Amino acid sequence: MHTQVGIVGAGPAGLLLGQMLHLKGIDSVIIENRRRDYVIERVRAGVLEQGTVDLMTELGLGARLRREGLAHQGLFLSFAGARHRINLAELTGGKVITVYGQNELVKDLLDGRAASGRPLYFEVEHVAIHGFESQRSKITFQNNGNEHQIECDFIAGCDGFHGVCRPSIPEEAIQTYEREYPFAWLGILAEAAPSSEELVYTCHKRGFALFSMRSPKITRLYFQVPQEEDIANWSDDAIWDEMLTRMTTLDGWKPNRGPIIQKGITPLRSFVAEPMRFGRLFLAGDAAHIVPPTGAKGLNLAANDVMVLARGLTEYYTRGTMRLLDAYSAVCLRRVWKAQRFSWWMTQTLHRFPGDTEFDYRRQLADLDYITGSRAAMTSLAENYVGLPLDAPLT
Ligand code: APR
Ligand code: PHB
């Protein structure tokens, strides 16, 4: 096979890139090692910045998102038994966030890919990338027992944190920066009507908890657990007891209870690989960086990367210049590091660390009291949460 851009990974990054290129008349082949159902059903994040919503609209795939997505004007920080609202829209000149499951977004993107008529292979095996240090890039893989080879001008490594593209770059050509956190999130989906229209981020003495939702009938909840926690240690009743202990406020607000339909544990990590390009290989999304989910930035960063990449590839194919592609890594990383900073800040502001003392807890409460009482501090949180503007214009 020959194509212009070979895309490894059919997560949000790979699928968004494929669709942007398609609309510019640029050909791509996407390969994905999981089954289609797995990709669609995988429960992930759910907060979209306006830029991500606008991108789906520009791609002609925003109809269901506009219909079913839940626009939020604000969020709550909860501590010492009380919720404090941060009015995101008012503090940011009208910007809002939209709650829409990442798997719903992926469903819409897969429909778009099918309608484009361009190829997407699921359940590929033994994926390897070659020749990207020169101009003869090639992706090899197996599918249904047959060997395949894609010759392409560029490779987009959109294969997530555990993919093959980043490890294919020579070690001396890439620098990684990493931080692990001594806790993880236990998350559930419950069949229960959300009891708040907006997200509630809680700092409780027993640890962080987060109230979110997926639809008017489905509540999404998380709480902080130790890093090595096993989900088998948590019965549904024990999960509810802990959720309610951490989230119930003195005015009696608490999440509605309902059957748990999905549960899992996610580790928290901050990670950046620099540069995000090696020769003709471009890394995008989780393949290049991971943020802890507290700032709700992972999916939006992936969308931002591929917007910058699609712009560079479009310029290459229309004007024959590598100028924007040469700037790809630096342009993305500036925003990535700001999102890293914000995600780290939200995480350490709201979580309890092992070994924290009573002093640390009091300091943390004072921090939250300051944030929710100062317009300057709230504005800083709000402008980061709704999404910082792009550093460079996209055209
Ligand atoms: N070959 C082909 N596909 C692969 C390979 C491989 N060797 N390794 C991994 N993949 C696939 C994964 O199965 C997954 O579908 O690449 C895809 C990567 O998708 P994501 O992990 O979703 O990463 P990305 O598209 O960058 O999305 C950004 O935002 O909300 C956050 O972390 C969350 O997934 C989210 C991310
Ligand atoms: C979610 O709804 O899954 C969600 C919301 C906000 C976050 C993380 C996850 O910060």
Side-chain angles (χ1 to χ4, degrees), residues 6-18 29-36 38-49 52 70 72 75 97-106 109-110 120-129 139-143 155-168 185 187-189 194 198-201 208-215 218-222 262 264 266-269 271 276 283-306 309 339 342-343 346-347 350 385:
I7 301 177
V8 186
L15 291 167
L16 281 168
L17 178 64
V29 175
I30 305 182
I31 58 167
E32 163 62 50
N33 63 357
R34 302 290 195 151
R35 283 183 300 114
R36 189 175 196 281
Y38 179 90
V39 172
I40 290 181
E41 282 156 23
R42 186 168 41 187
V43 178
R44 306 288 272 278
V47 173
L48 308 187
E49 293 173 1
T52 309
L70 307 167
H72 287 197
L75 58 76
I97 51 120
T98 301
V99 173
Y100 189 65
Q102 179 173 317
N103 57 321
E104 303 299 334
L105 185 95
V106 164
L109 287 165
L110 286 173
L120 164 52
Y121 293 84
F122 285 101
E123 295 181 71
V124 301
E125 293 177 297
H126 306 294
V127 176
I129 59 174
I139 304 174
T140 53
F141 63 98
Q142 284 181 13
N143 189 225
I155 298 174
C158 302
D159 50 349
F161 185 65
H162 300 287
V164 296
C165 290
R166 191 184 64 251
S168 304
W185 280 13
I188 62 166
L189 278 179
E198 295 175 341
L199 272 57
V200 185
Y201 287 84
F208 171 78
L210 170 60
F211 170 93
S212 180
M213 66 214 64
R214 282 294 175 273
S215 73
I218 303 287
T219 298
R220 176 100 173 122
L221 303 172
Y222 301 92
Q262 195 269 348
T266 323
L268 267 66
R269 184 195 307 273
F271 174 88
M276 290 168 57
L283 301 177
D286 278 14
H289 41 73
I290 298 285
V291 283
T294 329
K297 288 281 158 259
L299 171 59
N300 298 296
L301 275 184
N304 187 70
D305 289 350
V306 292
L309 184 53
F342 177 65
S343 305
M346 283 283 279
T347 303
L350 292 162
Y385 196 84

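As the structure lists them, so they are numbered: ligands from 1, and atoms in each ligand from 1. Just so it is clear, the values below take in all heavy atoms, side chains as well, and ignore hydrogens, waters and symmetry mates. The structure presented is a predicted model; accordingly, all values stated were derived computationally and were not measured.
- A 4.5 Å side-chain heavy-atom check between Leu299 and Leu105 finds at least one atom pair inside the cut-off.
- Proximity of Lys297 to Val47: side-chain heavy atoms (C-beta onward) are nowhere separated by under 4.5 Å.
- For the ring pair (Phe, Tyr, Trp, His ring centres under 6.0 Å) test, residues two or more places apart in sequence or in another chain that qualify with Tyr222 are Trp185.
- In this structure, Tyr385 and Ala296 approach most closely via the heavy-atom pair OH-CB, 4.0 Å.
- Pairs passing the side-chain hydrogen bond (donor to acceptor under 3.5 Å, both in side chains) check and including a residue from residues 38-48, sequence neighbours excluded, do not occur.
- Of all protein heavy atoms, the one lying nearest to atom 1 (N) of ligand 1 is Val127 CG2, 3.4 Å.
- Residue contact check: Ile31 has heavy atoms under 4.0 Å from atoms 2 (C), 3 (N) of ligand 1.
- Put simply, the side chain of Arg166 gets close to the backbone of Ala287: a donor and an acceptor are under 3.5 Å apart.
- Near Gly285, the atoms of ligand 1 lying under 4.0 angstrom from a non-hydrogen atom of the residue are 26 (O).
- Proximity to Val164 (heavy-atom distance under 4.0 Å) selects the following atoms of ligand 1: 7 (N).
- Scanning all protein heavy atoms for the shortest distance to atom 27 (O) of ligand 1 gives Pro12 CD, 3.5 Å.
- Atom 9 (C) of ligand 1 has Asp159 O, 3.1 Å as its closest protein atom, hydrogens excluded (heavy atom only).
- Atoms of ligand 1 lying under 4.0 Å from at least one heavy atom of Asp286, given by number and element, are 23 (O), 26 (O), 28 (C), 29 (O), 32 (O), 33 (C), 34 (O), 35 (C), 36 (C).
- For a threshold of 3.5 Å applied to N or O pairs, the pair formed by Ala45 and ligand 1 contains no separation below that value.
- Among the atoms of Glu32, some N or O lies under 3.5 angstrom from an N or O of ligand 1.
- The ligand atoms of ligand 1 that sit less than 4.0 angstrom from a heavy atom of Cys158 are 16 (O), 17 (C), 18 (C).
- The side-chain heavy atoms of Thr52 and Thr98, taken from C-beta on, include no pair separated by under 4.5 Å.
- Pairing each heavy atom of Gly285 with each of Ala13, the nearest pair is CA-CB, 4.5 Å.
- Looking only at heavy atoms of the protein, atom 2 (C) of ligand 1 is closest to Asn33 N, 3.4 Å.
- Smallest separation of non-hydrogen atoms from Ala288 and Leu283: CB-CB, 3.9 Å.
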Distance dump, ligand 2 polar atoms to protein, N/O, under 3.5 Å:
unit_1: ligand 2; atom_1: 2 (O); unit_2: Ser212; atom_2: OG; d: 2.6
unit_1: ligand 2; atom_1: 2 (O); unit_2: Arg214; atom_2: NH1; d: 2.8
unit_1: ligand 2; atom_1: 2 (O); unit_2: Arg214; atom_2: NH2; d: 3.4
unit_1: ligand 2; atom_1: 3 (O); unit_2: Arg214; atom_2: NH2; d: 2.7
unit_1: ligand 2; atom_1: 3 (O); unit_2: Tyr222; atom_2: OH; d: 2.5
unit_1: ligand 2; atom_1: 10 (O); unit_2: Tyr201; atom_2: OH; d: 2.7
unit_1: ligand 2; atom_1: 10 (O); unit_2: Pro293; atom_2: O; d: 2.7
unit_1: ligand 2; atom_1: 10 (O); unit_2: Thr294; atom_2: O; d: 3.4

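- Among all protein heavy atoms, the one lying closest to atom 25 (O) of ligand 1 is Ala13 N, 2.9 Å.
- For the pair Ser343 and Ala339, the tightest heavy-atom approach, listed with the atom from each and the gap, is OG-O, 2.7 Å.
- Across all their heavy atoms, Met346 and Thr294 have their closest contact at CE-O, 3.5 Å.
- Counting heavy atoms from C-beta on, the side chains of Arg220 and Leu189 come closer than 4.5 Å.
- Under 4.0 Å from ligand 1, heavy atoms of Leu299 appear from its side chain as well as its backbone.
- Residue Arg34 has at least one heavy-atom neighbour below 4.0 Å for each of these atoms of ligand 1: 13 (O).
- The shortest heavy-atom contact between Gly18 and Ile30 is CA-CD1, 4.5 Å.
- Here is the list of ligand 1 atoms found below 4.0 Å of a heavy atom in Gly298: 29 (O), 31 (C).
- Each of the following atoms of ligand 1 lies closer than 4.0 Å to a heavy atom of Ala302: 28 (C).
- Distances from atom 30 (O) of ligand 1 to the heavy atoms of His289, Gln102, Arg44 show the closest one on Gln102.
- Panel note: side chain Asp286, backbone Phe161; no donor-acceptor pair is recorded below 3.5 Å.
- For ligand 1, the polar-atom distance check finds no N/O of Gly163 at less than 3.5 Å from any of the ligand's N/O atoms.
- Partners of Gln142 according to the side-chain hydrogen bond (donor to acceptor under 3.5 Å, both in side chains) rule, which considers only residues two or more places apart in sequence or in another chain, are Glu147.
- In terms of modelled atom types and a separation under 3.5 Å, the side chain of Asp159 and the main chain of Val8 share no donor-acceptor contact.
- At the top of the distance list for atom 19 (O) of ligand 1, counting protein heavy atoms only, stands Gly11 CA, 3.4 Å.
- Counting heavy atoms closer than 4.0 Å to ligand 1, residue Arg35 contributes nothing at all.
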